[in-house]
There are 2 protein chains.
Amino acid sequence: MAMDRDQVLRDAAALLSRKSTATMDEVARAAGIGRATLHRHFAGRDALVRALEDLGIREFEVAFDNARLDEGTAVEALRRLVAEAEPNAQLLAFLVTENQLFEGDEVNEGWARLDARVGALFRRGQEEGDIRIDLSAAWLTEALYGLVGTCAWAVMDGRVAAKDFQYMIIELLLGGARRSVEK
Amino acid sequence: MAMDRDQVLRDAAALLSRKSTATMDEVARAAGIGRATLHRHFAGRDALVRALEDLGIREFEVAFDNARLDEGTAVEALRRLVAEAEPNAQLLAFLVTENQLFEGDEVNEGWARLDARVGALFRRGQEEGDIRIDLSAAWLTEALYGLVGTCAWAVMDGRVAAKDFQYMIIELLLGGARRSVEK
DNA sequence: CCCGAATGAGACGCCCATGTCTCATTCCTG
DNA sequence: CAGGAATGAGACATGGGCGTCTCATTCGGG
């Protein structure tokens, strides 16, 4: 029928990224379907959020695959990763803040997988001597998520130009704000 | 009487930082007062959040003052700023995510003042030649907030040691993750 | 010591989002 | 073209949090 589960999830993500308290009715309208239909496919709001979580994890698994994190230097891989993640930055921003709600109870294992891949990437960079070892891989992982989410918000609010998304994140994350004579 | 408005706000902030959906009843219990008393002092949940916003802005105004943003180099001032902001990092993390809800309607002007001060600090650093000019002051401001919030979450989740708070933020923000031969 | 103000506990009623259900309609399928 | 499945719109009951109120109790100033 007209109902495309993944498209509905994407529409829901687009709305909830901006207004995390949106009603099921608002989500349904945003997706162009009836509230009843929304409930037929997602047992409830909770199930919808879980589905969004699954979608996000799937998207980022793919993004990670496309970024070929194992090829080239870790720095190069990181650049590719940010580029691949950009289309789903809003979804990430939503899920990161939403996850604060899941207080320990049954956190989706997918996040651990993603964390592990990002963490491994930073560790590889550290072993190769390209990434500082005084900043833990765990923190760099969190910081990457945080910066992506922050930049996604900044773009939505018009404080950062959309075209600068990748540059702002990568340059700050890798090079920092301080101006150095020679890197 | 026993009711200390500011202390109640601090208790509320401590709880809401961890569980942003906490009930008015939970907030009251966390503050050690009755729900009725809480309502007597704050017209409603919305008023409570606004009061928290005011508290946060006041705290950061003071933190900014204490950091003496105009003294020394911008980089030094930034270090002092992060140090001064640390005690209120959780509150900032809460307010930053909560502010996403205030969709344009009557945003507290205090944020603009704070933004202006941080932005001016980064611009000063750029003019002095210590801060990169290819990263806009607006983005650096957002990134600072984002990193502080992210690190606060990471500390709460135990992914970053509390004692490393300032170091992780300042070093990443200023120096970036990339290891350079000489700065 | 006394009196007034503030508090805590609880009882309501209200509102809104949720989740379920029905029924007419539309759409695909065979 | 006919039948069945899926959808949309709406009605309905429910729950939970919110806001208000009352009343007994406690605290503190005079």
Side-chain angles (χ1 to χ4, degrees), chain A residues 1-56 91 94-95 97-106 108, chain B residues 1-56 91 94-95 97-106 108:
Chain A
M1 302 298 172
M3 161 95 190
D4 176 359
R5 181 186 166 97
D6 262 36
Q7 187 54 45
V8 169
L9 282 176
R10 281 172 217 287
D11 291 334
L15 172 61
L16 290 171
S17 295
R18 274 174 287 112
K19 186 181 179 184
S20 60
T21 60
T23 296
M24 289 294 276
D25 192 81
E26 292 176 293
V27 172
R29 290 181 189 285
I33 63 175
R35 195 165 65 94
T37 304
L38 185 60
H39 271 95
R40 283 190 192 99
H41 289 268
F42 304 99
R45 188 190 183 74
D46 199 63
L48 176 64
V49 173
R50 300 299 175 126
L52 278 173
E53 200 176 20
D54 286 334
L55 173 66
L91 180 56
F94 166 70
L95 292 176
T97 60
E98 195 74 3
N99 266 18
Q100 323 285 193
L101 300 182
F102 299 168
E103 306 206 323
D105 50 295
E106 45 184 305
N108 192 315
Chain B
M1 300 297 177
M3 161 92 191
D4 175 359
R5 182 186 165 95
D6 262 37
Q7 186 53 47
V8 169
L9 282 175
R10 281 173 216 286
D11 291 335
L15 172 61
L16 289 171
S17 295
R18 274 175 286 112
K19 185 182 180 184
S20 61
T21 60
T23 296
M24 288 295 275
D25 191 79
E26 292 175 295
V27 172
R29 290 181 189 284
I33 63 175
R35 193 165 67 96
T37 305
L38 184 62
H39 271 95
R40 283 189 192 98
H41 289 267
F42 304 98
R45 187 191 183 75
D46 200 61
L48 177 63
V49 173
R50 299 299 176 127
L52 279 173
E53 200 176 20
D54 286 334
L55 173 66
L91 179 56
F94 166 68
L95 292 176
T97 60
E98 196 74 3
N99 268 19
Q100 323 286 194
L101 300 183
F102 298 169
E103 305 206 324
D105 50 294
E106 45 184 302
N108 193 314

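Below, read A as the first sequence line, B as the second, and so on, with proteins coming before strands; counting in each chain starts at 1. All values below were derived from every heavy atom in this structure, side-chain atoms included, with hydrogens, water molecules and symmetry-related copies excluded.
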**Item:** Distance below 4.0 Å between B/His41 side-chain N/O and C/dA6 OP1 or OP2
**Value:**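 No, no such contact exists.
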
To the nearest angstrom, how far is [X] atom [atom1] from [N] atom [atom2]?
X       : N      : atom1 : atom2 : result
A/Ile33 : C/dT26 : CD1   : C1'   : 16 Å
A/Asp4  : C/dC28 : CG    : P     : 14 Å
B/Leu48 : D/dG19 : CG    : P     : 10 Å

**Message:** Any non-hydrogen side-chain atom of A/Leu48 less than 4.5 Å from a side-chain atom of A/Met24?
**Reply:**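 Heavy-atom side-chain distance check passes, below 4.5 Å.
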
Quick check for you: to the nearest 0.5 Å, what is the distance between [X] atom [atom1] and [Y] atom [atom2]?
X       : Y       : atom1 : atom2 : value
B/Leu52 : B/Glu98 : CG    : CD    : 9.0 Å
B/Glu53 : B/Phe94 : CD    : CZ    : 9.5 Å
A/Arg18 : A/Leu15 : CZ    : CG    : 5.5 Å

Using atom names, set out every protein N or O paired with an N or O of nucleotides 16-23 of chain C below 3.5 Å, distance rounded to 0.1 Å.
{"unit_1": "C/dT18", "atom_1": "OP1", "unit_2": "A/Arg45", "atom_2": "NH1", "d": "3.2"}
{"unit_1": "C/dT18", "atom_1": "OP2", "unit_2": "A/Met24", "atom_2": "N", "d": "2.9"}
{"unit_1": "C/dG19", "atom_1": "OP2", "unit_2": "A/His39", "atom_2": "NE2", "d": "3.4"}
{"unit_1": "C/dG19", "atom_1": "OP2", "unit_2": "A/Arg45", "atom_2": "N", "d": "3.1"}
{"unit_1": "C/dG19", "atom_1": "N7", "unit_2": "A/Arg35", "atom_2": "NH1", "d": "3.0"}
{"unit_1": "C/dG19", "atom_1": "O6", "unit_2": "A/Arg35", "atom_2": "NH2", "d": "3.0"}

**Item:** Test salt bridge (charged side-chain N to carboxylate O under 4.0 Å, His left out) applied to A/Arg29 - qualifying residues, sequence neighbours left out
**Value:** A/Asp25

**Asked** Do the charged groups of A/Asp54 and A/Arg50 touch, with an N to O distance under 4.0 Å?
**Response**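 Salt bridge flag = no for A/Arg50 with A/Asp54.
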
